[in-house]
Each structure stands twice: as C-alpha cells, then as structure tokens.
Amino acid sequence: MSVGELPEGWPAEVEIIDGDIRFGVGGASDGENEEGWAVTTASDGADPIAEAQAVLESAAFVVDASRSGTDSAGVVALSNADYSVVVAGDDNGLLYTVTPAR
C-alpha cells in the first residue's frame with residue numbers, strides 16, 4: 001500500500017493524469033506474479049475521464065468499452081497487449097484499476 005506515490009510494480013506503460021496520488025495498492029495472489037494494481041488520484045480537470053483516456057491512448061492503449069456515465073462522472077476501459085485498464089471517477093478524482101492482459 002502507498003500514499004502519495006504509485007504502488008510498487010506499477011507498470012510504467014500505464015500513464016496516469018497529473019494530480020495527487022491519494023492511495024495505491026498492488027498485490028499478488030502467489031507472492032510472485034502481480035495480479036493487479038489500483039490507484040486513486042485527485043483531479044481538478046474539467047473532464048478527467050476524457051483526459052485519462054487521451055493519456056492512455058497516446059501510450060498505445062485502445063478503448064475496449066466506450067465511456068459511459070454522466071458529464072461529470074463515468075468509466076472507460078482500455079487495453080494493450082500487456083494490460084487492461086479501467087478508469088472510473090468524476091471531476092474530483094479517478095480510480096485506475098490495472099490487471100495483466102490474459
């Protein structure tokens with residue numbers, strides 16, 4: 001568990017938006033292979049979901065499930081060959097959930 005920084009093992013290719021990291025966690029069920037990570041970030045952007053999507057798309061992630069939600073809240077799922085990322089949140093902050101691609 002970490003506060004103020006990305007958790008240990010966070011994949012470098014999963015870029016997040018600028019903002020304070022509130023909480024981060026990573027875990028492995030067998031103690032060796034990472035099963036996934038989660039991070040919450042603060043945001044002062046007008047549309048942080050769209051911003052997060054744009055950042056990940058610029059890092060070669062592809063949208064798997066298009067954005068859903070309201071103008072101020074929503075969720076989007078993206079992936080590349082290595083990771084699946086779900087970003088959910090609102091204009092106050094985001095939750096990134098990252099898992100290895102299966």
Side-chain angles (χ1 to χ4, degrees):
M1 178 174 64
S2 64
V3 176
E5 61 186 34
L6 293 172
E8 185 175 330
W10 181 268
E13 64 197 274
V14 180
E15 298 180 27
I16 66 171
I17 64 169
D18 290 334
D20 293 333
I21 297 171
R22 294 178 176 163
F23 178 81
V25 65
S29 62
D30 62 8
E32 293 181 22
N33 297 315
E34 291 294 338
E35 291 294 323
W37 303 265
V39 164
T40 59
T41 64
S43 174
D44 59 5
D47 191 345
I49 294 286
E51 183 181 349
Q53 180 177 333
V55 166
L56 287 164
E57 286 179 319
S58 72
F61 281 81
V62 177
V63 174
D64 293 330
S66 58
R67 181 179 170 166
S68 62
T70 66
D71 288 341
S72 63
V75 63
V76 64
L78 303 99
S79 65
N80 68 10
D82 301 317
Y83 299 101
S84 296
V85 181
V86 176
V87 183
D90 59 24
D91 55 0
N92 292 312
L94 298 174
L95 167 64
Y96 287 80
T97 304
V98 180
T99 55
R102 305 271 186 227

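- Across all their heavy atoms, P7 and A38 have their closest contact at CG-O, 4.4 Å.
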Step by step, work out the side-chain contact (heavy atoms from CB on, under 4.5 Å) result for I16 and L6.
CA-CA 10 Å; I16 66 171; L6 293 172; 3.8 Å; yes
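- Hydrophobic clustering, with ILVMFWY side chains joined whenever heavy atoms are under 4.5 angstrom apart, keeps L56 apart from V62.
- For V55, the side chain to side chain contact (heavy atoms under 4.5 Å, CB included) partners are E15, I17, not counting sequence neighbours.
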With a 3.5 Å cut-off and sequence neighbours excluded, list the donor-acceptor pairs that the side chains of residues 75-83 form with protein atoms.
from	atom 1	to	atom 2	distance (Å)
S79	OG	D64	OD1	3.1
S79	OG	D64	OD2	2.8
N80	OD1	D82	N	2.7
N80	OD1	Y83	N	2.7
N80	ND2	E13	OE1	2.6

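- The shortest side-chain heavy-atom distance between Q53 and V87 does not fall under the 4.5 Å cut-off.
- Contact detail for W37 and G9: the closest heavy-atom pair is CZ2-O, 3.1 Å.
- Between V98 and W10, some side-chain heavy-atom pair lies under the 4.5 Å cut-off.
- The shortest heavy-atom contact between N92 and D90 is N-OD1, 2.8 Å.
- Shown here are the side chain to side chain contact (heavy atoms under 4.5 Å, CB included) partners of A54, two or more places apart in sequence or in another chain: there are none.
- When the options V25, L94, L95, I21 are evaluated for a side-chain contact (heavy atoms from CB on, under 4.5 Å) with V39, the one that passes is I21.
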